[in-house]
2 protein chains.
Amino acid sequence: MITKKTKYAFKALIHLAKTPIGQQVLIADLARDGNIPKKFLEFILLSLRKGGLLLSKVGRGGGYYLAHHPSKITIGSIVRILEGDIAPVQCLSTTNYARCEECNDEKTCGIRLTMADVNVVLSEVMDSLTLADMVDRSEAEQNRLSKVVDFSI
Amino acid sequence: MITKKTKYAFKALIHLAKTPIGQQVLIADLARDGNIPKKFLEFILLSLRKGGLLLSKVGRGGGYYLAHHPSKITIGSIVRILEGDIAPVQCLSTTNYARCEECNDEKTCGIRLTMADVNVVLSEVMDSLTLADMVDRSEAEQNRLSKVVDFSI
DNA sequence: ATATATGTCTATAAAATCTATAGTCATAAA
DNA sequence: TTTATGACTATAGATTTTATAGACATATAT
């Protein structure tokens, strides 16, 4: 289950993905639009910038904008930055490895060997989906629903 | 990332899966063997029993035992009982649905529409793996490693 | 130059969740 | 009828998540 923090990140990123290239958006606007506590969002955006997904301009007329095209920003990269990880157990993490303290023998641990399958599948799907998918699917669904309304008139 | 509670559950279940059919195991033994706080494990085992994965006998000579063959107990069912869920966002959960409070319009939410793919994949893999896999893979790896040692002699 | 708008950074607090413990009760076997 | 055992309730401690405050740095416009 992803945290609120990650959902807030998705919302802000979706807003930025819909913003014309060359324009930046104020933290305050992202916060208001996404109904996100401003100071908390500040911290989230900073993480995303340090993670290489966002760029910023300081000073008057400043704001945030995407570092890459939405189709190049994977859901996996976002989750890794904010949750620290994708792996279901920390002993399988590449970005944030740690030995599980409850574990006797990592090499033969049945939990680890089995969760490895989960980890592979989860990484694959999260790295195959992008911010552009989030935007596109939402818009496609909006169109589909508005058509249904049209027919019913 | 699964919690310690779920890892403790896996350890206890693996112990029970290795126990001959017809025998029950004391909470105290499961706790000692898995290095798990006994009272915490008590609560975990109770959850697993209420979830239908375990059976128990009360009184002298009592203890816990599996309600089904290890190959019939999926990783997904275990995680659902202890984490409450598998879904990456609660608005996609079947066992524990709730509207995401940050969400404006669930039907067209891009986060939800995209995470739905993650949810499907995650459910599939977790429901395809079983407690028997955990036991088998661990034993297979133990055998493989002991053979490697043999060759080096 | 200077005032103003804006992101950056550090520190801390409030809330929620996870982990752990204590104690009493119910049940079954010896 | 004593003893071993799980069942249940309550609560406390630890950790993580969420949120806020305030001082600072930087760039733009006048």
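Labels below follow one simple rule: chain letters A, B, ... track the order of the sequence lines, proteins then strands, and each chain is numbered from 1. Only a predicted model underlies this, so the values are computations on that prediction, with no experimental measurement involved.
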Please check the phosphate of D:dT5 (OP1 and OP2 only) for any side-chain N or O of B:S56 closer than 4.0 Å. no
Could you check how far CE of B:M1 sits from C1' of C:dT19, rounded to whole Å? 17 Å
note: B:L41, atom CG; D:dT5, atom P; distance rounded to Å ~ 15 Å
Linking I/L/V/M/F/W/Y whenever their side-chain heavy atoms sit closer than 4.5 Å, directly or via other members, would A:I2 and B:V79 fall into one cluster? yes
Is there a donor-acceptor contact under 3.5 Å linking the side chains of B:S146 and B:N143? no
A:L26 side chain, from C-beta outward: closest of C:dC9, C:dG7, C:dC18: C:dG7
Does D:dT1 have OP1 or OP2 sitting under 4.0 Å from an N or O in the side chain of B:R60? no
Without swapping roles, check the side chain of A:T114 against the backbone of A:G110 for a donor-acceptor pair under 3.5 Å. yes
Atom CG of B:L46 to atom C1' of D:dT5: distance rounded to whole Å? 13 Å
Of the nucleotides C:dT27, D:dT20, C:dT8, which has the atom closest to the B:V58 side chain? C:dT27
Heavy-atom nearest nucleotide on DNA chain D taken for A:P37 and for A:G61; more 5' hit belongs to A:P37
Below 4.0 Å: OP1/OP2 of D:dA7 and any side-chain N or O of B:R49: yes
Whole-Å distance between D:dT18 P and A:I2 CD1? 10 Å
B:K39, nearest nucleotide to its side chain (from D:dC8, C:dC9, D:dT20): D:dC8
Can you tell which of D:dT18, D:dA7, C:dT19 lies closest to the side chain of B:F40? C:dT19
Among C:dG7, D:dA7, D:dA19, which nucleotide has an atom closest to any side-chain atom of A:K4? D:dA19
Across the strands shown, which category fits B:K5 at heavy-atom distances under 4.0 angstrom: base, sugar-phosphate, nothing? sugar-phosphate
Residue-phosphate contact under 4.0 Å: B:K7 side-chain N/O, C:dT19 OP1/OP2: no
Can you check the A:I27 CD1 to D:dA21 C1' distance for me, whole Å? 15 Å
Can you tell me how far P of D:dA19 sits from CG of A:L45, to the nearest Å? 14 Å
Contact under 4.0 Å: B:T3 side-chain N or O vs C:dT17 OP1/OP2: no
Residue mapping more 5' on DNA chain C - nearest nucleotide basis, A:F43 or A:K57: A:K57
Which nucleotide, D:dA7, D:dT18, C:dT8, lies nearest any side-chain atom of A:E42? C:dT8
Assess the side chains of B:N96 and B:S93: does a donor N or O sit below 3.5 Å from an acceptor N or O? no
Interatomic distance, A:I44 CD1 vs C:dG7 C1' [rounded to whole Å]: 15 Å
Taking 4.0 Å as the cut-off, does a side-chain nitrogen or oxygen of A:Y64 come that near to OP1 or OP2 on C:dT8? yes
Please state how far atom CG in A:L48 lies from atom P in C:dG7, giving the value in whole angstrom units. 14 Å
Joint cluster assignment, A:L26 & A:Y64, ILVMFWY side-chain distance < 4.5 Å: no
With a 4.0 Å cutoff (strictly under), does any side-chain N or O of A:Y8 reach OP1 or OP2 of D:dT18? no
Donor on one side chain, acceptor on other, B:E83 and B:T6, under 3.5 Å: yes
